[in-house]
2 protein chains.
Amino acid sequence: MDFISVIEDKKSGRELSKEQLTYFANAAARHTVPDYQLSALLMAIRLQGMTPRETADLTLAMANSGDMLTPDVGGVALDKHSTGGVGDTTTLVLAPLVAACGGKVLKMSGRGLGHTGGTLDKLESIPGMSVNIDEQRFLEIVRTVGCAVAGQTKELAPADKTLYALRDVTATVDSIPLIASSILSKKFASGAGAIVLDVKTGSGSLMGSLEKSIDLAKTMVEIGTHAGRNIRAVISGMDEPLGSHVGNALEVKEAIDVLSGRVRGPLLDVSLFLGCQMLLTGGLVSSEEEAMLKLRRALKSGAGLAKLKEMIAAQGGDAAVCDDVSLLPQAPVITDIIADRDGYLGGMDTTRLGLVGRNMGAGRVRKEDPIDPAVGFVMKKRIGDRVKKGDVLCTLHARTEESAAEARDGVLGALRLQDAPCPPAPLILALVTPEGVRRF
Amino acid sequence: MDFISVIEDKKSGRELSKEQLTYFANAAARHTVPDYQLSALLMAIRLQGMTPRETADLTLAMANSGDMLTPDVGGVALDKHSTGGVGDTTTLVLAPLVAACGGKVLKMSGRGLGHTGGTLDKLESIPGMSVNIDEQRFLEIVRTVGCAVAGQTKELAPADKTLYALRDVTATVDSIPLIASSILSKKFASGAGAIVLDVKTGSGSLMGSLEKSIDLAKTMVEIGTHAGRNIRAVISGMDEPLGSHVGNALEVKEAIDVLSGRVRGPLLDVSLFLGCQMLLTGGLVSSEEEAMLKLRRALKSGAGLAKLKEMIAAQGGDAAVCDDVSLLPQAPVITDIIADRDGYLGGMDTTRLGLVGRNMGAGRVRKEDPIDPAVGFVMKKRIGDRVKKGDVLCTLHARTEESAAEARDGVLGALRLQDAPCPPAPLILALVTPEGVRRF
């Protein structure tokens, strides 16, 4: 097959065949076609689009471009994937809760990059905790504990690795077929039997508008269903950080606070909703009501927190952090940002807030940068909250005074205080299943 | 400036600024941006298009990416450029005729590639003839003789060199703004003051349809006028080879036959029409009628043929070929293709015919391939001609019997014999000037 003819076909608006898409995925994985031809095709796909059939074929071809796992975890392997957000610690809350309800959560996570955090970085803030565990041990923990979170061990979907890097430098990131195939190819390769997607929408998300987020969710649910997976997608709000805590150890602390029942609010609400969907896709319950009841019981009884302890211990971490969060790394400089006027918190630039955390040391500018587990900030107000002069807006946890001063300017620049009252930001906006879209 | 933002802007359908297009041209010329980013932008341009202002700015930026010549030839430097065809020997006919009428024809030509021939290769079939002459000598010949044809000496429009090669392998050749900027950037850099474009249309041309050819011509005339050049474009037919001869020495022979008055027909007609346009753009005549009268006189008096002799001699060639064409290289195997049925020649795949010539050795598969000057073929029938069983359709001039057999199949496969009579193919379809489009 001639790669120029593949580019020619897509450029001219023709549908690519399964053979052409497989050639493309394998060429990307094995670097047998030069990058300048791959990027020309990526731009043609971005501008001409792909049909659902093409997107499904590309996803499967990308999944098949490397190892395909068939994990034996003593049940349906459940997975949840978020398109990335700020203060988004749902994995650490819902994986133990779902495990406590009998689910088998096999979660391969990533590192933080850009303005979004990564679950692996968060877990590594727990003393002793390892996220680099071999496949056999990983599966054994899932079988016995019910949940484990680790990094990729084998080479899963290498085509995605090449294309993801190229898209980043050729302005072809914002393509629904390319985003969908990138996410799902890795899920298919990892052997997930039931997949719940958490598609973020709002100022801190990859997709700008709600309609685009729903389109992406529909595309992925269609592909997953076509590939024989139980799949559904939740559209959740990212107009502000989901939890109040942003930063690695800070987010682990918040997850423990939620699982111990000390803290309620948006992080718990979204985690419970996602947990429901996981139990449903896994066939462990027959209704949303039953799922919600089970999850609330696991929370109330402490079974969820117990599962988190088991998982931490199994992955070599100090489970005592679950009883005493002061064992987590602490930042030396803790300082409040105070409101200098009355008003209402009308909105915020959440991507910018995420970058403030990154610049404090909680994230990375380059892949190889080290992470400071202790730093970050805690938001004290949510969108719609009344603010009085002298109120604490946010508490910074910084490494140095200079870093705190810089972060203070960054946070204030990202918040919009206004005179008029305003409603809180929506949390769950829609649920997309193979049956259709339910909006809330 | 960030190149990703340039790609992003064009991808999103925004107009690029002069600064962005200059950055693009210089990055291509100096290889300061990776090819995969250049090719992503080329595809975005192909699919989103460019405004006339963008195309003009890109053309000037590409011209300015290397040396800019200001040739002193004792008059307006006249240039003619064909978009490429088969059996298209107009340069060798019209350059001497225009010189005989007082024009100064400074013609930088190219080599054959793909199915189209190149004037430099044709000239080199004349014993002793050199097309690699230094700039001073080149200009001196134009000043004294009135015409010279040579290869590029300096690095003209190096941005085009990079982009042309990339377009070829990324399916982005068929973009009017990219074709127009590629052609005109080299013309601007070479210092042509008056430019006549010969845009081919039909089965042997780059542009498929007449409307697309007219669009390309209009774009180029607009850009050239904007840049202060006297410019016009002729749309001429390439549904069959223009002359009957295809191959390097064979085409030189045909040009000599035409200039000596022995042969009339389409090659002469198109050459005269293009010659008229050159005299008009150069301001050497005040009407088309005056131009045609002068050119016909130069033909009849033998002044045109005399100019060709002078030019050949000045460039080191054996001018005696003009009196005795048998001094040109001759192929050892000369054989006829005979019609095996009655009918009419209804049409032909001219690109395929050009490739037959190339495969015989008249052209190149790769840039570095050698040329066989003697081989090619002579068409004995034109579209619309009646064919009787036993008529000669074509005479092959081959290096070997095997090559002749292969060429025979190729030529027969490219010709369409039919029962119904049909009209001849059109020769001159339109003239595009700054004032508008005149269709014939």
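Each chain gets a letter, A, B and so on, in the order the sequences are listed, and its residues count up from 1. Keep in mind that this is a model prediction, so the values were computed, not measured.
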* Structure fact -> Turns out that what part of A:L166 lies under 4.5 Å from chain B's heavy atoms comes down to side chain

* To do: Mind checking the CG-CE spacing from B:L41 to A:M43? Nearest 0.5 Å is all I need.
  => 7.5 Å

Enumerate the inter-chain donor-acceptor pairs under 3.5 Å for chain B and chain A, one line per pair.
| from | atom 1 | to | atom 2 | distance (Å) |
| --- | --- | --- | --- | --- |
| B:K11 | NZ | A:A171 | O | 2.9 |
| B:K11 | NZ | A:D174 | OD1 | 2.8 |
| B:K11 | NZ | A:D174 | OD2 | 3.1 |
| B:Y36 | O | A:S39 | OG | 2.6 |
| B:Q37 | NE2 | A:V169 | O | 2.7 |
| B:S39 | OG | A:Y36 | O | 2.6 |
| B:S39 | OG | A:S39 | OG | 2.7 |
| B:V169 | O | A:Q37 | NE2 | 2.7 |
| B:A171 | O | A:K11 | NZ | 2.9 |
| B:D174 | OD1 | A:K11 | NZ | 2.7 |
| B:D174 | OD2 | A:K11 | NZ | 3.1 |

* To do: Identify which part of A:I4 has an atom lying under 4.5 Å from any heavy atom of chain B, answering side chain, backbone, both or neither.
  => both

